[in-house]
Participant: 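Take a look at this one; I'll ask things after.
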Amino acid sequence: MYVEINGLTFSYRNAKEKTIQDASIAIEKGEIITILGQSGSGKSTILRLIAGLEMPESGTIKINGQIMTDDATFVSPEKRGVGMVFQDYALFPHMTVAANIKFGLKKMNRYERDARLKEVIDLVGLTGFEKRYPYELSGGQQQRVALARAMAPNPSLIMFDEPFSNLDADLQIKIRDELRDILKKAGITSIFVTHDQEDARAIADRVIMMDHGHIMKTGTPDLILT
Amino acid sequence: MKAIRFFRLHLNVWSIMSIIFTLLIISPTLSIFIQIFEKPNENWYHIQEFLLKNYIQNTLVIVFFTGFFSVMIGVSLAWLVTAYRFPLRNFFKWGLILPLAIPPYIGAYTYHGILNYTGVVQATLRNQFDIKANHAYFDIMNIPGAIFIFTIFLYPYVYIITRAYLEQQSASLVENARLLGSGPVQLFFRVIMPISRTAIVGGVSLVVLEVLNDYGVVSYFGIQVFTTAIFQAWFGMSDVASAIKLAGILMAIVFAILFLEKVLRGRKKYSYSNAKVRPLEPISLSREKTAVLFVYTALIFTIGFVIPFVQLFQWMLLTFEKVASEEFLTLIFNSVYVSLIAASLIMVIALVIGNFTRLSDGAWAKAVSRITVLGYSIPGAVIAIGVLTFFLWIDRQLKGVYHAMGIEAPIILSLSIIMLLFAYVSRFLAIGFNPIDSGFDKIGRSFTEASRLLGIPLTRTFFKVDLPMIRGAVFGGFTLAFIEVMKELPLTLLLQPFNFYTLATKAFQYANDERIYEAALASMLIILISGVSIFIFHKVLEKENR
Ligand SMILES: Nc1ncnc2c1ncn2[C@@H]1O[C@H](COP(=O)(O)OP(=O)(O)OP(=O)(O)O)[C@@H](O)[C@H]1O
Ligand SMILES: [Mg+2]
């Protein structure tokens, strides 16, 4: 398994109940997973735990055979090689599209960086927008910049927190299909969080249902969704 | 096992430096607390038996009446400006803050200069009207005089906070009361005062803390309170032990007031900005009432700003050639130089602590941010005494080290400017910290998290992402801290190295030597830069916070 999560338990500092209880997930390389659940069920929290933005009380997380978290280990987020597209995109407002996308490419030299920029910006179909600032872009374009930025450093795993929630219905469907193509073409393992069943059906190889911090079921969309 | 993991997550440059800074900042205060209980000396028994009661009494009388009158003036002005239309209303709305630009000690000797035998009032009466009035009528160098000075130059604290509250929160309450037939006086005392309680308490506690911090006014007027007693013990008798005990009592009074504020304020915190609330619409009054209202407002503005400003301006012109010398340029240079260094240190430390406290939500991060802002409530003289004993102690330790190493002491910290800078940082850290804290609050954590997930470590993220995004707050905080340091008096007087003066201490020295006219130039400069600070605080930062 490419990503292995075992017995993950976590609660926020001021929470009474456990936010995540004994969650176990296994994901194969190149698989697209969707986490589905109601608001407050702990979907974003799972992503934050995998990314290393929160530290679990117990449980282990392994990515590509390497331990990210267990009782003795905690790999910091910048060393995990995990990409994430935030719900509000979190594009750096003081940087151009190009600077945003090149931000994570610190190990490359200038030419490699420019080449990589061209590659991913082409992939998300934003060629020509390099010099713009985030506020000069539409919501859908911003979303694609966020995607390009997360993909640029070649992450081993990429996660999306409700990526379509800011888009109108037409755009949502278009981007959803595009995104699936892009990810499949690049062979990137990915996790989507959503509470829209249609999203899950369209994009996922496998669906994970969450409720109140528990993982209820997992399986193919046909099996799980009604 | 989990402990190792915990430290790996939480121990980094930011947390370690924050803890070190915090410990440094709190150690002078702690050193006072520890030494309070040391065995008292001869001198202390004398102070305790004959003087202490007097200090406490004077302090309480001044604090009480200044508080009372500041509330009366501040709240009434806030209410009138918000609720009624009258000529120049928009000007006064802003102008009534201006007395705050005149530090009370400058106001004190200016008013003394106006009212004394050679001053403009008595001279005019004598020469124009041939009236020889009794001097005693014009003597303000007493407790009522001090109360007058404090009230007229500090009431804006109450005014500002109360006005902000009334403008934004009171519309429906006031309209209801009017519909129920309350007259204006009844409305003011029965509705406005009670509903503004939290705002008033917030404002008046600032006034009281300023009064307790003051040394300039009381010492110029020759009134015995804690700050003057601390100075006497220290400079007059070189009795550090008694100075510490006095500082300790003063600090206890401050903590009592902070506690009282918490209790009186109630649980509700007043919020300044809330876009959805409907502002209160001012109404028009009859002609006579409008006239009365205008005269009252204009009178306070004139006493609090126009008269002292014009008088200082005239004195400044009178003495300009004499005062504006090379020496004066050195003075300005010194002042700017220490203020720049102090403000830079304050901002660096505020950024380190601010970044630490926002990224960790543990109880210790909360404690750190509490301690960071505490210094601003503690009187300058108390901080100075704490810092002084702390540095004397360090020097003693270092002496042993130097001796063991067989070298001459390269620097004696307690005689150097380092000690002064240290004290400025502990006193004014809050000034730099608050804007940074709210700046970080506004941008949230997601940019930082996004950057780290792109493989950029914490510290690089800070410089590439966080810092550029809050540079407005950094600039604002820096300017405010710079100006506060420049105006500071008691702490600087106690800790300035030999032959080193700032604009504030020089102005005060001139005034103390009965060379009031010559103090005018330095005072004017201080007033001008304070004006800038007020402008920045109320226009720039306020706009940014929207
Ligand atoms: N920073 C926090 N501190 C304390 N509690 C939090 C914090 N963030 C989330 N929670 C709580 O943890 C629980 C799970 O939150 P989470 O954000 O993971 O839900 P979610 O499934 O992503 O919901 P949504 O679909 O609304 O985004 C909720 O009850 C939430 O209130
Ligand atoms: Mg969520």
Side-chain angles (χ1 to χ4, degrees), chain A residues 12-14 44 47-48 50-58 67-95 99-108 134 145-146 148-159 161, chain B residues 1-16 351 355-369 439-475 544:
Chain A
Y12 285 105
R13 186 166 295 275
N14 42 15
S44 300
L47 296 197
R48 294 179 62 80
I50 296 172
L53 298 171
E54 309 287 351
M55 187 162 68
E57 278 154 36
S58 57
I67 293 176
M68 294 293 154
T69 310
D70 63 17
D71 280 355
T73 323
F74 186 80
V75 178
S76 64
E78 58 264 29
K79 297 201 184 110
R80 289 196 182 194
V82 172
M84 179 142 146
V85 176
F86 288 76
Q87 196 161 353
D88 56 0
Y89 312 142
L91 296 175
F92 306 127
H94 58 295
M95 295 182 196
N100 261 287
I101 294 175
K102 287 197 275 188
F103 188 83
L105 304 179
K106 60 181 162 99
K107 290 206 186 85
M108 301 180 180
V145 176
R149 184 177 72 176
M151 282 176 51
N154 271 321
S156 51
L157 168 70
I158 190 165
M159 307 191 286
D161 197 348
Chain B
M1 288 294 256
K2 283 192 178 169
I4 301 171
R5 200 182 65 163
F6 178 85
F7 282 117
R8 195 165 298 160
L9 181 69
H10 289 285
L11 228 53
N12 53 45
V13 195
W14 298 89
S15 60
I16 294 169
L351 280 167
N355 199 40
F356 162 66
T357 53
R358 92 179 163 123
L359 292 177
S360 43
D361 28 28
W364 56 336
K366 268 212 188 80
V368 164
S369 66
F440 275 142
D441 226 37
K442 227 177 338 166
I443 63 171
R445 286 193 208 173
S446 62
F447 297 106
T448 313
E449 291 176 348
S451 167
R452 295 190 70 186
L453 287 176
L454 288 165
I456 311 298
L458 202 56
T459 303
R460 257 172 69 99
T461 294
F462 173 78
F463 285 108
K464 292 186 76 167
V465 175
D466 303 321
L467 191 58
M469 289 181 70
I470 59 160
R471 57 174 189 265
V474 175
F475 171 75
E544 260 205 4

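In what follows, every heavy atom counts, from backbone to side chain, and hydrogens, waters and symmetry copies are set aside. The sequence lines fix the lettering, A, B, ..., with proteins before strands; numbering per chain opens at 1.
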Participant: With rounding to the nearest 0.5 angstrom, report the CD to CG distance, A/E78 to B/L458.
Facilitator: 7.0 Å
Participant: Name the region of A/D70, side chain, backbone, both or neither, that has any atom closer than 4.5 Å to a heavy atom of chain B.
Facilitator: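 Answer is backbone: N, CA, C or O of A/D70 sit under 4.5 Å from chain B.
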Participant: Below 4.5 Å from any heavy atom of chain B, which atoms of A/R13 appear? Answer side chain, backbone, both or neither.
Facilitator: side chain
Participant: Out of curiosity, A/K106 NZ to B/R460 CZ, how far, rounded to the nearest 0.5 Å?
Facilitator: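 Result: 7.0 Å between the selected atoms.
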Participant: Kindly give the heavy-atom pair with the smallest separation between A/A150 and B/L454, and that separation in Å.
Facilitator: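 Scanning both residues completely, I find the closest heavy atoms to be CA-CD2, 4.3 Å.
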Participant: With rounding to the nearest 0.5 Å, note down the distance linking CD1 in B/I443 to CZ in A/F92.
Facilitator: 10.5 Å
Participant: Considering only heavy atoms, which portion of A/R48 lies under 4.5 Å from any heavy atom of chain B: side chain, backbone, both, or neither?
Facilitator: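 Contact with chain B: side chain only.
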Participant: Tell me, for A/L91 versus chain B, whether the close heavy atoms (under 4.5 Å) come from the side chain, the backbone, both or neither.
Facilitator: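 For A/L91, backbone heavy atoms alone lie under 4.5 Å from chain B.
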Participant: For B/T461, is it the side chain, the backbone, both or neither that has a heavy atom under 4.5 Å from a heavy atom of chain A?
Facilitator: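 Neither the backbone nor the side chain of B/T461 comes within 4.5 Å of chain A.
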Participant: Can B/K464 and A/F103 be said to form a side chain to side chain contact (heavy atoms under 4.5 Å, CB included), step by step?
Facilitator: CA-CA 9 Å; B/K464 292 186 76 167; A/F103 188 83; 3.8 Å; yes
Participant: A/M84, A/R149, A/R80: which one forms the most heavy-atom pairs within less than 4.5 Å of chain B?
Facilitator: A/R149
Participant: State, yes or no, whether a side-chain contact exists between A/P93 and B/M469 at a heavy-atom distance under 4.5 Å.
Facilitator: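 SC-SC contact between A/P93 and B/M469 confirmed.
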